Structures are given as C-alpha cells and as structure tokens.
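Predicted model, so just to flag it, every value in this text is computed and none were measured.
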2 protein chains.
Amino acid sequence: MAERDHAYHHGDLRAALVEEAAAMISEGGAASVTMRAIGSRLGVSRAAPYRHFPDKTALLVAVAVEGFRRLNRRLRGSSTGAAGSSVERLRHMGEQYVRFALENPAHYRLMYGREALARQDHPELREAAAVLLEHLIGVIRVHQQRGEIEREDPRAQAYVAWSAVHGLASLLIERQIDPNFDVDALLNQTTETLLVGLRGAGTATG
Amino acid sequence: MAERDHAYHHGDLRAALVEEAAAMISEGGAASVTMRAIGSRLGVSRAAPYRHFPDKTALLVAVAVEGFRRLNRRLRGSSTGAAGSSVERLRHMGEQYVRFALENPAHYRLMYGREALARQDHPELREAAAVLLEHLIGVIRVHQQRGEIEREDPRAQAYVAWSAVHGLASLLIERQIDPNFDVDALLNQTTETLLVGLRGAGTATG
DNA sequence: GGGTGTATGTTGACGCCGTCAACAACGTCG
DNA sequence: CGACGTTGTTGACGGCGTCAACATACACCC
C-alpha cells in the first residue's frame, strides 16, 4: 500500500483541510461542506479536523481568509502592473474585483456572508478584509494627488467605490441580473459611472 | 381552557407560520428558524408546517417574498410622495432602500441570499424582485425624459443604481464598514456620486 | 536504543435537525 | 348521521456537529 506516505499521521492536515474545503465549496456550495464529507475525502475520520480547528466555523473562516488573500494578490497585480492612464488602473482594479467574484461565487459569498460564519467576531477575517480596504484607499489617494478625482475623505470614497463593485458582483452572483445582459458592458458602465461620479462633484441636487 | 379558540384546527396556520418565521429571523437570524422551534412557538407540532409548505425552504421563500412586498411598498411611497426636485426623489428612494436593509438585516439577507434558499429556482421570489426592478426602471425613465440623467439604456442604469445601494446596504449589514463612520454621510455621498455619475457622462478615461 | 510524553487520529455516543409514514381529530356536505 | 377530505400528531430514520474516551505515531531524553 503505497497510497499514504505518512501512514497514521497525515503530514499537513490543516492545510489539506482548508484546500479541500475550498474545493468542495466551489463544487457544491458552502452547504456541501460537512465535517464527515471533508474527512472522508481526505481519508480521515470525521473528528480529525477538530485537532486543527475548534469547530466548523473556524475552518470556514480559514477558507474565507485564504480567499481574501487570493483576491488581494489579484488586485495588487492589477493596480500596479496595468498600462494606460492611472484612472484606467483604478477601473481595471474594479473589473478584476468583479471577475474574481464571478469566477469564485461560493467562495466570495463565504467571504462576505456573516450568516454562514455565525455571529461571532473573527479578527483574522476582519483583518484580511481590512488589508483590501487599505490598499484601495491608498490607490484612491494617489489619484487624488494627481487631481483625477475630487479631494474628499479618501476612506469615504473607497467605501463608495467598494459598494459599487461589491453590489454588482453580489447581484450577478445571486442571479438577480438578467442573464441575457452583457456582463462586460454592465461592468464598464458601472466603473464609468463611478469614476465620473468620483471625479466631478458639483451638486446633483436641483 | 380559553387559550385556543379553534381548538384542533388553527385557523390560518399558513399566515401564522410566515409571520412567526419572520419574527424569529429578525430576533435570531435565519439559522434560528427551525421547524421544531417555529411549531413550538405557535403551539403546534413539528410536522404541522408540512401541511402548508412542501419543505422548510418553501417557507423561507414565502418569508422572503413578503420582505420584497414590504420593501416595494416603502419604495413606492418614497418615489411618488416625496417633496423636492425629481432627482431628490430618486435620492430619497435610494435612502429608503438602504434604511430598509439596515432595519431588517436578517430579512434582507434572506431576500438576496441564494445560499440559504438552496440552489433551486423560485418563480414567486424572482417575480417579487422583478417588480422592484421594474419600478426603478420606470422612475429612471421619467428622469431621463426630464433630461436629468443621461439617455442610455434605462435598464442598465437601473442595474448600476441598484448595485450601488445594494452594495452599500450589504457591506453595512455584514459589518464590513467601520462602525464609527457616519452612516448618513456615507449614504449621502453614495447617492450623490451615483447621481453625478448618471447625469454627466463624458469620458472619465484619460 | 528503550521509555515516556505529547500531538494527532479514531470510535462511540448524544442531541438536534429536516422529513416521511401512519394515525387521529376536526369540519363539511351528502 | 355517516363518509370523506383537511389539518394536526406521533414515531422513526438518517445526517449533522461535537464531545469524551481511547489508540497510535512520532520526538526527545537517558
């Protein structure tokens, strides 16, 4: 039997659990993740995960944190590497954000779904999300200094921008948007509207 | 024993189930809704609900549909009744949308959470959401005709606007936004940015 | 190198869950 | 007044998360 190198001890069960849970989530949604099922898929008993995570929620939090890391990496690449004007970069960042959500819907849902992750506070999760926000704020500051968008509280502007892309991603994922609609066009129009709104203020009232 | 008027038969158990489930959701989140618990709260056995709903998901769908109805009623009031310019009315509508979500977080989550409602399609739920969208499109058309926002596909503009308010509501509900932040100010800035973006297009690029 | 302690994995059990089948009471209509 | 459909009840089943008791493997010290 050459099937298991480490025999009794798994080697790195913790990492394997997070990886496998992520795979199951993208295959069958968060509901398909069961302590029994995940153990069975890894050739391990149902209670084995409890040596590495206090409960199921903690495991899911680890999966969500890993999701934030991947999303962060992707956004970081698009905000520094891309060509074109700097506003173009901000737009590209928004696009990458929405595409990530569309490519990993169940994972994205888990990252933001407070319901699935119980009512408790999970500091690591909060921090992973905060890193993303801080990065966005930094990018916005740069654009402010170049006079490309209005100089208001960059944190507020970041929240507005985040709301726009998160809202679009969320509605698309939850199939609230007509599937016949051209996603790329809608994405373009969203970032366009957002950037115009951030740049020129004036009064929209009256 | 004067405690039950109808003795064996409940009277209108179906309506009572929807109402009670909604109450439990706002008290303890969707996870606290259990066929056993809801039955017990209504003085009825755990299997009684199955005479009115094929399964638990169907009951939750009914609750979500009721949520959409309430939200619709609220938005309809704010888009026709409010004072001020007509753009002011659109802004007010966005505000009411977000406030509804903040006042009924668990209910709102249920309305848009595809996860909780399984993977199936629920026509009534889809239709309830569609009514909301159609109303928004109608309001946008009116503003287009008055030249207050750019004349593009009103459906696309509706999606953009919906994304903005849904995103903000969602981030607030899931506590992704610094609680020290002034919600009213953020809400104002979101609607402001959105309206400016919808009104003046030009090119944000370069 | 043998013994010991700790980390890791297993098994059995518990209570909760959604759901179904079989049964019972109610109300209605001939 | 009797037959019947509707509505509610009870018992049971399998699946779930989790805990306690037990077993194995590895690491380290003499």
Side-chain angles (χ1 to χ4, degrees), chain A residues 1-21 24-25 27-64 110 113 115-120 122, chain B residues 1-21 24-25 27-64 110 113 115-120 122:
Chain A
M1 300 227 186
E3 54 177 335
R4 35 188 186 155
D5 288 10
H6 299 267
Y8 193 84
H9 281 350
H10 183 281
D12 193 356
L13 184 55
R14 188 182 206 281
L17 286 167
V18 175
E19 189 182 343
E20 198 67 25
M24 293 174 73
I25 282 174
E27 287 169 23
S32 75
V33 179
T34 286
M35 293 310 243
R36 287 161 156 88
I38 193 175
S40 139
R41 278 172 67 135
L42 289 173
V44 126
S45 82
R46 67 195 184 274
Y50 288 89
R51 297 295 168 189
H52 302 273
F53 298 96
D55 54 23
K56 187 187 175 185
T57 297
L59 170 55
L60 290 180
V61 166
V63 174
L110 180 68
E115 192 78 338
L117 269 41
R119 226 176 313 291
Q120 293 175 268
H122 302 281
Chain B
M1 297 221 189
E3 55 177 334
R4 37 190 184 152
D5 288 10
H6 300 266
Y8 193 83
H9 282 348
H10 183 281
D12 192 358
L13 184 54
R14 188 181 205 280
L17 285 168
V18 175
E19 189 182 343
E20 198 67 24
M24 293 175 73
I25 281 174
E27 288 170 22
S32 75
V33 178
T34 286
M35 294 309 243
R36 287 161 157 87
I38 194 175
S40 140
R41 279 173 65 137
L42 289 174
V44 127
S45 83
R46 66 196 184 275
Y50 287 89
R51 297 294 168 191
H52 302 273
F53 298 96
D55 54 22
K56 187 186 174 186
T57 297
L59 171 55
L60 290 180
V61 166
V63 174
L110 180 69
E115 193 76 339
L117 269 43
R119 226 176 312 294
Q120 292 174 268
H122 302 281

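The side chain of B:D55 lies closest to C:dT19, out of C:dT19, D:dG8, C:dT10.
Close to C:dA7, at under 4.0 Å from its OP1 or OP2, lies no side-chain N or O of A:H52.
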Could you list all N or O pairs between the protein and nucleotides 13-16 of chain D that sit under 3.5 Å apart?
none

Where do N or O atoms of nucleotides 19-21 of chain D meet protein N or O atoms at under 3.5 Å, pair by pair?
residue, atom, partner, partner atom, Å
D:dA21, N6, A:R51, NH2, 3.3

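B:R41 meets the side chain to side chain contact (heavy atoms under 4.5 Å, CB included) test with B:E20, B:A23, B:M24, B:E27; sequence neighbours excluded.
Computed from C1' positions of five pairs at each end, the angle between the two local axes of the helix from C:dG1-D:dC30 to C:dG30-D:dC1 equals 10°, rounded to 10 degrees.
As rounded to whole Å, 12 Å separates atom P of D:dT7 from atom CZ of B:F53. The nearest whole Å value for the distance from the CG atom in A:L42 to the P atom in C:dT8 is 16 Å. The interatomic distance linking A:I38 (CD1) with C:dG9 (P) rounds to 13 Å, in whole Å.
The minimum heavy-atom distance between A:A30 and A:I25, with the atom names listed, is CA-CG1, 4.1 Å. Contact detail for B:S32 and B:A37: the closest heavy-atom pair is O-CB, 4.4 Å. Scanning both residues, B:A48 and B:L13, for their nearest heavy atoms gives CB-CD2, 4.0 Å. Shown here for A:V18 and A:A62, the closest heavy-atom pair between the two residues is CG2-CB, 4.0 Å.
Among residue pairs with one or both ends in residues 48-63 of chain B, none qualify as salt bridge (Lys or Arg N to Asp or Glu O under 4.0 Å); sequence neighbours excluded.
Using a 4.0 Å cutoff on non-hydrogen atoms, no part of residues 12-21 of chain A comes near DNA chain D.
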From CA spacing to verdict: side-chain contact (heavy atoms from CB on, under 4.5 Å), B:L17, B:V44:
CA-CA 10 Å; B:L17 285 168; B:V44 127; 5.8 Å; no
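Within the 4.5 Å cutoff, the side chain of B:V33 has no heavy atoms near those of the B:V63 side chain.
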